[in-house]
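See structure below.
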Amino acid sequence: MLQIRVVGPFEVLAGGVQVEMPPSRKTRALLAYLALADRPVRRERLCEIFWELPDDPKGALRWSLSKIRRAVNGDGADRILSDRSVVALDRAGVGVDWLDLRQAAADGLEDLPDARLEALAATLRGGFLEDLDLSRCPDYEAWRLGEAAQVEAAAARLLRLLVERLEGEPGRALPHALRLRAFVPDPEEADALVARLRQGVGR
């Protein structure tokens, strides 16, 4: 199975082994964008998002897609679906951490068992695409920041719920309270939880 991680530094793993990605930040950002797109994206729109004139946006897109194909088609599957008009990533057999969290939040985190919540929490490695900001691509940045806000809200909700459920086991709850610091605007909330849980661990 191919795993695409966008919550934290961008990573692609095949069978649990990290896939070497192209050094081009735009190429990696393009793959992340396609991985989260709910429908095929028009080539013209991708050119607008990631490339500027007077460069050759269409040529740059073709080059990036060729690099992405090499990275995600390692097991023989043809995951980049494209024609003259649109491009899409076939997500069959592909896991995306943010999509898993988003679906769980939509379905109701409160209905999930502790083990599932902790598995989701383990995927929270940092901010959304925190290593793939593209300051010269305003449309991409607007999308990235919008997704980042949604990730922060879902992650904070998940971690608060875990701390609440596990408060009777401070040793299990503490790592989630520590992680919560990265996803709340006011760290004092998380700091108070951490201090209380540390006292419980000490006892």
Side-chain angles (χ1 to χ4, degrees), residues 1-21 23 25 28-29 31-37 71 91 94-135 140-203:
M1 181 174 180
L2 195 74
Q3 294 177 299
I4 298 177
R5 296 179 175 178
V6 296
V7 182
F10 180 71
E11 287 185 340
V12 178
L13 295 93
V17 178
Q18 190 166 346
V19 175
E20 184 176 355
M21 295 301 298
R25 292 165 63 83
R28 287 179 281 139
L31 174 55
Y33 188 87
L34 291 172
L36 295 173
R91 291 204 297 250
V94 177
V96 183
D97 53 1
W98 169 218
L99 293 182
D100 291 343
L101 174 58
R102 188 172 72 186
Q103 188 62 56
D107 291 343
L109 294 171
E110 294 76 12
D111 297 327
L112 295 177
D114 294 351
R116 175 58 176 154
L117 294 178
E118 289 190 290
L120 287 169
T123 68
L124 305 176
R125 301 171 301 118
F128 177 77
L129 293 178
E130 62 181 25
D131 61 336
L132 280 182
D133 59 302
L134 300 175
S135 60
Y140 166 80
E141 276 299 291
W143 169 80
R144 187 180 70 88
L145 294 175
E147 294 290 321
Q150 294 183 57
V151 168
E152 287 178 4
R157 180 181 158 201
L158 166 65
L159 295 169
R160 287 190 184 103
L161 178 59
L162 265 174
V163 171
E164 178 183 331
R165 283 197 189 177
L166 301 175
E167 197 161 1
E169 301 178 66
R172 285 179 67 190
L174 181 58
H176 305 305
L178 289 167
R179 191 175 281 128
L180 181 61
R181 286 172 166 165
F183 297 103
V184 291
D186 181 4
E188 290 183 3
E189 172 197 355
D191 289 343
L193 286 172
V194 168
R196 188 167 74 247
L197 291 168
R198 279 178 171 159
Q199 287 180 345
V201 171
R203 287 195 298 268

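Position 1 is the first residue of the sequence, and the numbers go up from there. Note that these values count all heavy atoms, side chains included, but never hydrogens, waters or copies made by symmetry.
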Out of curiosity, [X] [atom1] to [Y] [atom2], how far, rounded to the nearest 0.5 Å?
| X | Y | atom1 | atom2 | value |
| --- | --- | --- | --- | --- |
| L31 | I4 | CG | CD1 | 4.5 Å |
| L162 | R179 | CG | CZ | 9.5 Å |
| L36 | L129 | CG | CG | 7.5 Å |
| H176 | L166 | NE2 | CG | 5.5 Å |
| W143 | L134 | CH2 | CG | 10.0 Å |
| L159 | E118 | CG | CD | 10.5 Å |

[X] versus [Y], closest heavy-atom pair with distance:
| X | Y | answer |
| --- | --- | --- |
| V7 | G126 | CG1-O, 3.3 Å |
| L101 | A155 | CD2-N, 4.3 Å |
| D114 | R165 | OD1-NH1, 2.8 Å |
| R198 | L178 | NH2-CD2, 3.9 Å |
| V163 | L197 | CG1-CD1, 4.1 Å |

List in chain and number order the residues that pass side chain to side chain donor-acceptor pair (under 3.5 Å) with D131, two or more places apart in sequence or in another chain; answer none if no residue qualifies.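 Once residues adjacent in sequence are excluded, D131 has no partner under the side chain to side chain donor-acceptor pair (under 3.5 Å) criterion.
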Counterpart residues, side chain to side chain donor-acceptor pair (under 3.5 Å), relative to E167 (two or more places apart):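 E167 satisfies side chain to side chain donor-acceptor pair (under 3.5 Å) with R196 only.
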Return each pair, listed once, that meets salt bridge (Lys or Arg N to Asp or Glu O under 4.0 Å) where at least one residue sits in residues 142-155; pairs must be two or more places apart or across chains.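 Residue pairs with at least one partner in residues 142-155: E141-R144.
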Which residue pairs pass the salt bridge (Lys or Arg N to Asp or Glu O under 4.0 Å) test with at least one member in residues 119-130, sequence neighbours excluded?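 Salt bridge (Lys or Arg N to Asp or Glu O under 4.0 Å) check on residues 119-130 returns E11-R125.
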All side-chain contact (heavy atoms from CB on, under 4.5 Å) counterparts of A156, not counting sequence neighbours: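 Listed in chain order: R160, L180, F183, V184.
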List in chain and number order the residues that pass side-chain contact (heavy atoms from CB on, under 4.5 Å) with A148, two or more places apart in sequence or in another chain; answer none if no residue qualifies.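 Applying side-chain contact (heavy atoms from CB on, under 4.5 Å) to A148 gives F128.
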Can any side-chain N or O of R5 pair as donor or acceptor with the backbone N or O of D97 at less than 3.5 Å?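 Side chain of R5 to backbone of D97: no pair is present.
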Test: R157 and E110 ion pair at under 4.0 Å: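 Looking at E110 together with R157, the answer is yes, because their closest N to O distance falls below 4.0 Å.
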Is there a side chain to side chain contact (heavy atoms under 4.5 Å, CB included) between L161 and L112 once you walk through the steps? CA-CA 10 Å; L161 178 59; L112 295 177; over 6 Å; no
